[in-house]
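Below is one structure, written out as structure tokens; the observations come after it.
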Amino acid sequence: MDTAGWRGLLLSFCSLTAALLLFAVSPVGGTNGGTTGAAPAVTTMGFQYRLTVSPGGPAERAGLRTGDRIDLRALAPAERFAFAYDHFMPGNRVVFPRLGDDGRITFVPVVAAGPVPKPWYVWAAFFGELWFVAFATLLAWRRPDSKEARILALLLAGGAFGLALGPNNFRAPWPVFASVTYVLAQLVGATATSLLAAYATLFAPVGRLRRALAALSYGSAGVFVAWVCWWVIELWAGIGSPSTYPVRGGFALQVLGATWAFPALCMLATLAQAPRSDRARLAWTTGPLLFFYTMESVAWFAGPHLPIVERRALLNVAILLAPLGLTYALLNRRVMDIGFVLNRAAVFSSVSVVIVGVFVLVEWLLSDWTQRAGHSTNIVVTGALALALGLSIRYVHARVERVVDRVLFRRRREDEEAIRSLGREAPYITEPGALLTATVDVLRAHAGAAAVHVLLHDGRTYGGVDENDPAIVALRARRDVVDLHGMNSRIAGELAYPLIARGRLTGALVLGPKRSGESYAPDESQAIAHLALTVAAALDSLSITRDLAREDIGEAIRTMNERLADLPAAIVKALATEVR
């Protein structure tokens with residue numbers, strides 16, 4: 001698939017995931033589902049469960065009590081799945097098949113109440129997952145050509161898709177459709193989880209340990225999905241011993257914990273084996289994800305010993321904290337997405353939105369008071385707020401911009417200005433050696449490059465590199481920066497910038513990886529590209545000047561030789577005249 005195809009596919013998947021997440025928290029979404037006030041306890045009695053009944057809930061009002069046994073085999077397959085899946089909406093009539101001590105079954109109808117208020121950790125999880133989808137969208141938009149970026153985008157968006165389509169968040173009106181979406185959610189979510197192992201195996205060298213951990217990652221994900229499918233089949237067919245919903249059962253929890261633990265171990269092995277130049281970048285890129293995976297695996301492994309509320313709170317807090325780490329890496333460390341970085345304009349635009357949002361919030365908080373005070377007071381207060389917004393937004397925006405610029409972008413701006421400053425000064429340097437030395441020094445100091453090489457064309461090669469080298473051919477064809485990763489070239493480094501003068505490639509400016517392990521930011525790369533062009537023009541100008549100087553000297557020598565050749569004849573003629 002080409003780059004455009006990958007971009008369209010990934011962006012469509014991200015859009016679908018975002019829509020499902022927003023639907024889940026909407027008034028008609030799954031998180032606004034109803035409750036019967038009775039939860040089945042984990043048992044080993046097949047389709048029989050003991051209930052835990054909430055005081056004052058619909059089940060208690062219907063006559064059910066904690067400890068009552070129910071037998072799902074007395075229900076139709078669709079009702080059985082809906083019951084075990086906890087698939088209720090407010091107003092649904094749910095029939096509990098209560099099993100008496102004498103073996104007789106009494107059907108107790110319960111009307112589900114709701115919607116159930118969403119606890120804070122549910123909002124934390126959805127905010128974090130939307131954040132993940134935003135990162136995946138940026139990766140899909142900016143770097144669909146990179147395999148690393150595509151895997152990260154699928155990892156982030158796929159995990160959010162699994163959550164959005166999960167049992168607590170998506171409630172279909174038909175049990176058959178609900179069972180299909182449930183299996184699909186677990187399949188996509190488990191596959192996305194294992195993609196961290198796939199990402200880890202992209203970095204050489206890949207030894208036996210990493211291959212084994214990657215295989216265990218894929219295998220554990222497959223086992224969990226197979227377990228979920230078998231649970232659904234058991235419920236619909238009325239066979240086996242399905243116990244309760246898989247993520248409440250002990251065996252399923254251990255397998256689910258393994259699906260998070262093995263990819264994290266595979267990534268840790270990659271960090272341990274990676275070259276030092278790549279280790280820092282990988283650590284900042286995957287550190288937040290490793291934290292997220294570790295918290296998830298701990299929560300699932302400890303699941304049988306943790307109440308379900310505490311476990312959900314732990315999981316959802318991890319979902320929220322991981323994007324915070326990614327945001328820090330994106331803004332401050334300039335890594336995360338293999339080349340993409342939020343620019344200052346995006347940050348400042350967000351600041352503007354926040355400022356306007358604050359004024360809207362203030363107006364909303366004062367709305368009740370102004371309505372009680374009367375229509376005239378409401379108009380006065382609204383007008384005063386609008387006037388205050390108009391008069392203060394420029395001042396507040398400027399102050400916030402300075403703070404944001406100082407905290408996040410000051411060093412970056414100073415480094416970029418140093419690179420551009422040399423670009424302005426390059427035409428006034430009269431020695432090629434001094435110009436090349438200054439270029440290398442400024443890029444090492446202000447771009448953080450571990451190595452800088454200038455490959456000049458000598459008529460046949462570029463600094464010893466053949467003209468048909470893939471990187472040289474790409475520079476000549478594109479006339480733009482070339483990413484040397486994955487390119488079968490003799491040029492070792494991170495990026496190669498073309499030196500172009502009078503329409504021809506006169507050389508290449510090659511930068512090694514950053515000493516910090518970060519990626520080169522787009523605005524930084526643009527400044528380096530501009531420097532490369534001005535250096536190429538200055539070198540070409542110095543070469544022309546020196547060639548002209550050599551031609552002038554040669555012409556003077558030829559003229560002098562001609563005059564010296566005529567000198568003996570002139571002397572003889574002068575002597576003859578003197579004799580007369």
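Quick caveat, the model's predicted, so the values are computed rather than measured. These values consider heavy atoms only, across backbone and side chains, with no hydrogens, waters or symmetry-generated copies.
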Straight-line distance of Ser194 OG to Leu155 CG, nearest 0.5 Å: 8.5 Å

Ring pair (Phe, Tyr, Trp, His ring centres under 6.0 Å) partners of Phe292, counting only residues at least two apart: Phe132, Trp260

Considering all heavy atoms, the nearest Ala125-Ile319 contact: O-CG2, 3.5 Å

Check: Thr286 and Tyr199 side chains under 4.5 Å, non-hydrogen atoms: yes

Step-by-step side chain to side chain contact (heavy atoms under 4.5 Å, CB included) determination, Leu20 to Leu163: CA-CA 9 Å; Leu20 288 173; Leu163 176 73; over 6 Å; no

Test applied, ring pair (Phe, Tyr, Trp, His ring centres under 6.0 Å); reference residue, Tyr182; option that passes from Trp231, Phe177, Trp236: Trp231

Listed partners of Trp131 passing side chain to side chain donor-acceptor pair (under 3.5 Å), at least two apart: Thr327

Check: Ala200 main-chain N/O paired with Thr270 side-chain donor or acceptor under 3.5 Å: yes

Residue pair Val482 / Ala474: nearest heavy atoms and the distance that separates them: CG2-CB, 3.9 Å

Reported CZ-to-CG distance for the pair Phe262 and Leu196, which is rounded to 0.5 angstrom: 14.0 Å

Tyr293 (side chain) donor-acceptor with Thr193 (main chain) under 3.5 angstrom: yes

Residues which pass side chain to side chain contact (heavy atoms under 4.5 Å, CB included) with Thr3, listed by chain and number, not counting sequence neighbours: Arg7, Pro144, Asp145

Closest approach of Leu195 to Leu154 (non-hydrogen atoms, all atoms of both residues): CD1-CB, 3.6 Å

Student check: side-chain heavy atoms of Val206 and Arg211 closer than 4.5 Å: yes

Partners passing side chain to side chain donor-acceptor pair (under 3.5 Å) against Thr137 (at least two apart in sequence or in another chain): none

Residue pair Leu511 / Ala449: nearest heavy atoms and the distance that separates them: CG-CB, 4.2 Å

Side chain to side chain donor-acceptor pair (under 3.5 Å) against Ser489, all qualifying residues, sequence neighbours excluded: Asp469

Side chain to side chain contact (heavy atoms under 4.5 Å, CB included) evaluation trace for Leu265 with Leu216: CA-CA 10 Å; Leu265 291 173; Leu216 289 171; over 6 Å; no

For Val53, all residues meeting side chain to side chain contact (heavy atoms under 4.5 Å, CB included), sequence neighbours excluded: Ala38, Leu51, Ala59, Glu60, Leu64, Thr66

Thr17 versus Ala164, closest heavy-atom pair with distance: O-CB, 4.5 Å

Worked check of side chain to side chain contact (heavy atoms under 4.5 Å, CB included) between Leu165 and Val188: CA-CA 10 Å; Leu165 215 58; Val188 174; over 6 Å; no

Any residue meeting ring pair (Phe, Tyr, Trp, His ring centres under 6.0 Å) with Tyr218, in chain and number order, not counting sequence neighbours: none

Gap separating the OG atom of Ser146 from the CG atom of Leu139, nearest 0.5 angstrom: 8.5 Å

Please output the side-chain donor-acceptor pairs of residues 102-115 that fall under 3.5 Å, not counting sequence neighbours, one pair per line with the distance.
residue : atom : partner : partner atom : Å
Asp102  : OD1  : Arg104  : N            : 3.1

Separation between CD of Glu129 and CG of Leu156, rounded to the nearest 0.5 Å: 9.0 Å

Within-4.5 Å side-chain heavy-atom neighbours: Val223 and Thr259: no

Side chain to side chain contact (heavy atoms under 4.5 Å, CB included) against Arg61, all qualifying residues, sequence neighbours excluded: Pro58

Pairwise side-chain contact, Val95 with Arg93, heavy-atom cut-off 4.5 Å (strictly under): yes

Partners meeting ring pair (Phe, Tyr, Trp, His ring centres under 6.0 Å) with Trp123 (sequence neighbours left out): none

Side chain to side chain contact (heavy atoms under 4.5 Å, CB included) partners of Arg150, counting only residues at least two apart: Trp6, Leu10, Lys147

Shortest non-hydrogen separation from Ser297 to Ala261 and the atoms involved: CB-N, 3.9 Å

Pairwise distance OG1(Thr191) to CZ(Phe161) - rounded to 0.5 angstrom: 11.0 Å

Inter-residue atom distance Gln186.CD - Thr181.OG1, 0.5 Å rounding: 10.0 Å

For Gln273, side chain to side chain donor-acceptor pair (under 3.5 Å) partners two or more places apart: Arg210

